[in-house]
2 protein chains.
Amino acid sequence: MRGGCGVRAMTGRETPWVERFPGLSRLAQETKDLLLSKSSIVEVPSGTVIFGPGKSPENMLFLLEGTVRVQQVSDTGREIVLYRIHSGESCVLTTACLLAYEDYAAEGIAETAVRAVAVPRKVFDDLVGQSKAFRDFVFAAFSKRITDLFLMVDEVAFQRMDVRLGQRLLALADAAGAIATTHQKLSVELGTAREVVSRQLQEFQRRGWVQQSRGKVRICDRRALENLVEHH
Amino acid sequence: MRGGCGVRAMTGRETPWVERFPGLSRLAQETKDLLLSKSSIVEVPSGTVIFGPGKSPENMLFLLEGTVRVQQVSDTGREIVLYRIHSGESCVLTTACLLAYEDYAAEGIAETAVRAVAVPRKVFDDLVGQSKAFRDFVFAAFSKRITDLFLMVDEVAFQRMDVRLGQRLLALADAAGAIATTHQKLSVELGTAREVVSRQLQEFQRRGWVQQSRGKVRICDRRALENLVEHH
DNA sequence: GGGTCGTTGGTGACAATGTCACTGAGGCGC
DNA sequence: GCGCCTCAGTGACATTGTCACCAACGACCC
């Protein structure tokens, strides 16, 4: 599963990736050709720090497979997950930000093995100039990110910890309700302390909503958690 | 000072506003002309809700004078100031966001009398397509906003209240160190409760750092507050 | 003047969350 | 087994948020 990590040239033989990319498939053929010919596909293994303080990326990335976790590292030593970039989404904004401002404290980490299209800045800029459809794609991505960050601020500032933990558990669980993570990692998700997560999980377990074991949490009563999240 | 609130056509006789707008003055003359001919100047009185839930703006705004306060209104009834748009900056991102997503909870309020240039969406899109300089301007605005929001999340999640209050007092004070505001308004700035602000201000006063009176706070020892903020 | 009312700020009790120091349990390599 | 590291549990305490209530002030009316 965890493929190589080099840069691979496009062959053009297989189904072009643009078509499988929601939001880009409606570009003009001419635009697609430009995108296909001037970009390359990169693969990075899970755990790679794609960008971070002192490490700016020189390309715009469009994720084909995998997820990238973007988190803020505070100078107090604590961390909080800002958002994730999933396949079908782009790193555009993050990249743009980091190019514009040197003193950022956010980092992007490949959470799984990642396959992405790397588009050079120059090509990206040309595309924005040429194609209205591409512009719409880019601005929609920016907009989504900013509104999400608005909600993030709202959540961090005003939401109770039990509700936020419930949300994350539901979001991170697989179909069977299992989550392979530690209390420490969950605390980074929420930007809180490990002890707080431990206490909340104990309370959830006491109520029979989850079952804990070392490095794992299993949701037993999804309905109850959803109810908690709903009725904030 | 509080002028009319209508839309006024550009006369073209006075110094074009583009020139006084940092970041736009380096546009090509052709681009400037397009911007000048297709946009209008609007004036709104202090306190006007420029956009909010259920009230999307149909134009992109470029602020010539005044400031707009953007705040998130939580469904719990609490509020927090997200950022301010000052003269020389644009509303682009906010506008873009709100157009893209209906269910937002942010609102923009004219904090002073505001004079701004209203650019129709179509013209805005054309400009982004035509001018690399305009693109750079827009992307720089987006980038700045997103990195600021990153810092905002960091601050809300990890910073102590006394430090955050000290920061705001320093930021809001005039040259003489005076701030005309209530504890309630300060609590909205920080997204906290009024009682918390009252307690912190009392502590600051006890230490001789500020002097309180009804509806006013005066900074007596700016150095001390700066020291608090520095040494987080 | 006196009365009424909304705004502003003060207070105490309590709950929720964050911080710190420490403990012990589980897993892994040797 | 033994040592070592990660992971989780615990209690004491500080900070912050919530709630209910009250007092002071200013604006307004009579």
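Chain naming here is simple, since letters A, B, ... match the order of the sequence lines and numbering starts at 1 in each. Quick caveat, the model's predicted, so the values are computed rather than measured.
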Q. Heavy atoms under 4.0 Å, any strand shown: does B/Gln200 hit a base, just sugar-phosphate, or nothing?
A. sugar-phosphate

Q) Could you give the CG-to-C1' distance, from B/Asp162 to D/dG17, as a whole number of Å? A) 15 Å

Q: Among C/dT17, D/dT10, C/dG9, find the nucleotide with the atom closest to the side chain of A/Val196.
A: C/dT17

(Q) Considering every strand and a 4.0 Å limit on heavy-atom distances, what is the contact class for A/Arg164: base, sugar-phosphate, or nothing? (A) nothing

Q: Check A/Val210, A/Asp221, A/Ile219 against A/Phe204 for a side-chain contact (heavy atoms from CB on, under 4.5 Å) and give me the one that passes.
A: A/Val210

Q: Measure from the side-chain N and O atoms of A/Arg115 to the backbone N and O of A/Ile41, and report whether any donor-acceptor pair falls under 3.5 Å.
A: no

Q: Can you figure out which of C/dT19, D/dG17, D/dT10 approaches the side chain of B/Met161 most closely?
A: D/dG17

**Q.** Contact list for DNA chain C against residues 208-218 of chain A - heavy-atom distance below 4.0 Å
**A.** A/Arg214

Q: Nearest whole angstrom, please: distance from the C1' of C/dG9 to the CG of B/Leu201.
A: 10 Å

(Q) Rounding to an integer number of Å, can you tell me how far A/Leu186 CG sits from D/dC7 C1'? (A) 13 Å

Q) Contact class for B/Arg194 (heavy atom, under 4.0 Å): base, sugar-phosphate, or nothing? A) base

Q) So how far is it from B/Glu65 CD to B/His86 NE2, rounded to the nearest 0.5 Å? A) 14.5 Å

(Q) Quick check for you: to the nearest 0.5 Å, what is the distance between A/Gln200 atom CD and A/Gln202 atom CD? (A) 10.5 Å

**Q.** Under-4.0 Å side-chain N/O to phosphate OP1/OP2 contact, A/Thr192 with C/dT17
**A.** no

Q: Using heavy atoms to find the nearest nucleotide of DNA chain D for A/Ala157 and A/Lys185 separately, return the residue whose nucleotide is more 5′.
A: A/Lys185

(Q) From CZ of A/Arg160 over to C1' of D/dT18, roughly how many Å is that when rounded to an integer? (A) 10 Å

Q: Calculate, to the nearest 0.5 Å, the distance between atoms CD and CZ belonging to B/Glu79 and A/Phe158 respectively.
A: 8.0 Å

Q: Look at the side-chain N and O atoms of A/Gln202 and state whether any lies under 4.0 Å from the OP1 or OP2 oxygen of D/dA8.
A: no

Q | Side-chain N,O (A/His183) to OP1/OP2 (D/dG9) below 4.0 Å | A | yes

Q. D/dT18 C1' sits how many Å from A/Phe158 CZ, rounded?
A. 14 Å

**Q.** Pair of N/O donor and acceptor under 3.5 Å linking D/dG17 base with B/Arg199 side chain
**A.** yes

Q: Apply the test salt bridge (charged side-chain N to carboxylate O under 4.0 Å, His left out) to residues A/Arg84 and A/Glu189: give CA-CA distance (whole Å), side-chain angles for both, the deciding distance (0.1 Å), then the verdict.
A: CA-CA 11 Å; A/Arg84 287 184 167 78; A/Glu189 292 284 334; 2.5 Å; yes

Q: Could you check how far CD of A/Gln184 sits from C1' of D/dC5, rounded to whole Å?
A: 14 Å

(Q) Once rounded to the nearest 0.5 Å, what's the spacing between atom OG of B/Ser187 and atom CE of B/Met161? (A) 8.5 Å

Q: Nearest whole angstrom, please: distance from the P of D/dG17 to the CG of B/Leu165.
A: 12 Å

Q.
Under 4.0 Å, counting only non-hydrogen atoms across every strand here, what does B/Glu195 touch: a base, just sugar-phosphate, or nothing?
A. base

Q | Side-chain donor/acceptor of A/Asn59 to backbone N/O of A/Leu61, under 3.5 Å | A | no

